[in-house]
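Hydrogens, waters and symmetry mates are skipped; everything else that's a heavy atom, side chains included, is used. Sequential numbering from 1 along the given sequence is applied to the chain's residues.
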Amino acid sequence: MDEVNITYITLTGYVEMNKLKYLYFTVMLMFYIVICCSNGTIVYIICFHKNLHEPMYIFIAALQFNSIVYSTTVYPKLLIDFLSERQIIKYSSCIIQLFIFYSLAGTEFFLLAVMAFDRYVSICKPLRYPTIMRKTTVTSLLVLACLVPASHIGGEAILISEVQLCHSDLDGIFCNNVIFTLHCVKSRALTIFGIFSLLNLAMIPVVFTIFTYTKILIISYKSSKTFRRKAAETCVPHLLVLINFSYLSIFEVVIARVESDFPKPARFVLALQLLVIQPLFNPFIYGLKMKEISKHLKQLLSLSKI
């Protein structure tokens with residue numbers, strides 16, 4: 001096909017915009033406000049209370065903050081598009097959105113893996129915990145969780161920006177892997193880079209996390225009832241978040257890779273659930289399942305009623 005000099009991308013994944021755009025705008029604005037407030041509240045509680053200045057809670061705060069930035073990557077543009085006559089985005093901005101979106105997704109997987117390691121050291125090697133999980137170690141792990149995904153996706157974004165386009169209609173509501181369908185020719189380098197990034201940013205962290213929690217489970221099974229309860233209280237929330245995020249990530253890959261005859265309304269609904277479920281799921285799980293956070297959250301809510 002002929003190469004085209006394309007500056008703007010048209011987002012064609014929206015459904016019934018003429019009839020429902022104000023409903024879409026109102027509902028998604030409410031979701032965005034709730035996501036920012038709920039995740040921000042958990043971050044505030046952990047930062048404000050000194051007894052929560054421990055590695056486990058610091059990692060949780062990083063995860064919640066990541067959810068806020070993750071949502072902010074998409075929601076403002078989404079809200080503008082709902083009220084616009086045409087849903088368009090500059091191609092360079094589309095690549096930037098893709099870069100930030102997938103970098104933050106990779107950071108989430110890395111943070112969950114780091115949290116699994118922290119729980120393993122805390123539960124299985126408690127005497128060595130203070131020497132292993134020092135402030136410098138925690139800082140280094142947080143920096144790596146941000147920089148490693150960004151470096152992977154940054155390289156991929158540079159390659160994407162150099163590929164020629166033959167289409168300007170993106171079958172989606174934000175910029176994700178569907179952008180590959182706009183390319184004139186499939187790039188072998190991009191395919192290899194994509195597999196490499198998927199392996200390093202998702203599969204390896206997930207396998208490491210599952211392996212770590214399996215070891216914790218085996219050790220807990222051989223220990224006392226009190227030990228098992230302590231392990232369950234701190235590990236179950238992390239596992240639930242990992243399962244939920246992995247499930248949503250699989251859907252994201254499916255949406256991006258399936259053929260174009262996949263029903264458009266189904267694509268639209270699945271894309272929206274990616275933007276709603278995980279950012280709301282995290283504060284719900286940690287706010288209810290983590291005893292110390294739940295206690296401070298109840299105190300904060302009781303003060304707000306006075």
Side-chain angles (χ1 to χ4, degrees), residues 38-70 104 106-146 148-149 205-221 223-224 226-246 278-300:
S38 57
N39 284 281
T41 299
I42 303 296
V43 174
Y44 167 78
I45 288 172
I46 292 171
C47 293
F48 185 77
H49 294 92
K50 290 186 177 180
N51 67 315
L52 299 182
H53 291 180
E54 298 176 6
M56 177 177 69
Y57 296 110
I58 292 172
F59 294 138
I60 290 174
L63 196 71
Q64 306 305 102
F65 181 75
N66 192 68
S67 291
I68 295 174
V69 183
Y70 175 89
L104 294 175
T107 295
E108 182 120 354
F109 278 120
F110 265 69
L111 285 173
L112 291 170
V114 166
M115 292 161 79
F117 174 71
D118 173 72
R119 289 302 83 208
Y120 172 76
V121 177
S122 175
I123 293 169
C124 303
K125 301 180 184 293
L127 297 179
R128 296 181 59 191
Y129 185 80
T131 57
I132 295 176
M133 298 304 294
R134 293 174 296 177
K135 186 178 289 186
T136 53
T137 305
V138 172
T139 303
S140 299
L141 290 172
L142 288 174
V143 171
L144 285 173
C146 295
V148 173
V206 168
V207 170
F208 173 81
T209 304
I210 293 172
F211 175 76
T212 304
Y213 282 126
T214 301
K215 291 197 71 172
I216 294 173
L217 181 64
I218 292 171
I219 294 173
S220 300
Y221 181 75
S223 304
S224 64
T226 303
F227 186 90
R228 289 197 297 270
R229 189 186 308 115
K230 177 189 173 184
E233 285 177 355
T234 58
C235 293
V236 168
H238 305 325
L239 275 172
L240 290 174
V241 170
L242 174 67
I243 292 168
N244 185 65
F245 191 62
S246 298
Q278 184 68 13
L280 286 177
F281 188 75
N282 285 3
F284 175 79
I285 288 295
Y286 290 119
L288 294 180
K289 294 293 184 181
M290 302 298 289
K291 187 184 294 184
E292 287 299 315
I293 295 177
S294 179
K295 182 178 71 176
H296 289 299
L297 183 59
K298 288 176 182 177
Q299 291 174 354
L300 184 65

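- Of all the heavy atoms in Y57 and L52, the pair that sits closest is CB-O, 3.0 Å.
- A side-chain contact (heavy atoms from CB on, under 4.5 Å) with P55 holds for exactly one of R134, R119, M133; it is M133.
- Atoms OH and CD1, from Y286 and I42 in turn, are 10.5 Å apart once rounded to the nearest 0.5 Å.
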For K215 and I218, run side-chain contact (heavy atoms from CB on, under 4.5 Å): C-alpha distance rounded to whole Å, both residues' side-chain angles, the deciding distance at 0.1 Å, then the answer.
-> CA-CA 5 Å; K215 291 197 71 172; I218 292 171; 5.6 Å; no

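- No side-chain heavy atom of L217 sits less than 4.5 Å from a side-chain heavy atom of Y213.
- Atom CD1 of residue I60 and atom CD1 of residue I45 lie 11.5 Å apart, to the nearest 0.5 angstrom.
- Between the side chain of T137 and the main chain of I132, a donor-acceptor pair closer than 3.5 Å is present.
- Between C47 and H53, the shortest heavy-atom contact is O-NE2, 2.9 Å.
- Aromatic ring orientation, Y70 versus F245: perpendicular (interplanar angle above 60°, classes split at 30° and 60°).
- Between G106 and P149 the shortest heavy-atom distance is C-CG, 3.6 Å.
- Rounded to the nearest 0.5 Å, atoms CD (Q64) and CD1 (I293) are 7.5 Å apart.
- S246 places a side-chain N or O within 3.5 Å of a backbone atom of L242 that can act as its donor or acceptor partner.
- Rounding to the nearest 0.5 angstrom, the gap separating the OH atom in Y120 from the CD1 atom in I219 is 5.5 Å.
- The minimum heavy-atom distance between C146 and T107, with the atom names listed, is CA-OG1, 3.8 Å.
- Smallest separation of non-hydrogen atoms from A113 and P205: CB-O, 3.9 Å.
- Shown here for I46 and A61, the closest heavy-atom pair between the two residues is CD1-N, 3.7 Å.
- Remark: of the listed residues V138, L144, T139, V138 is the sole one forming a side-chain contact (heavy atoms from CB on, under 4.5 Å) with L142.
- Around atom CZ of F208, more than 12 heavy atoms belonging to other residues, nucleotides or ligands sit under 6.0 Å away.
- From L111, atom CG reaches atom CZ of F109 across 11.5 Å, with rounding to the nearest 0.5 Å.
- Not a single donor-acceptor pair under 3.5 Å links the side chain of N282 to the backbone N or O of V241.
- Atom CG of L63 and atom CG of L112 lie 5.5 Å apart (nearest 0.5 Å).
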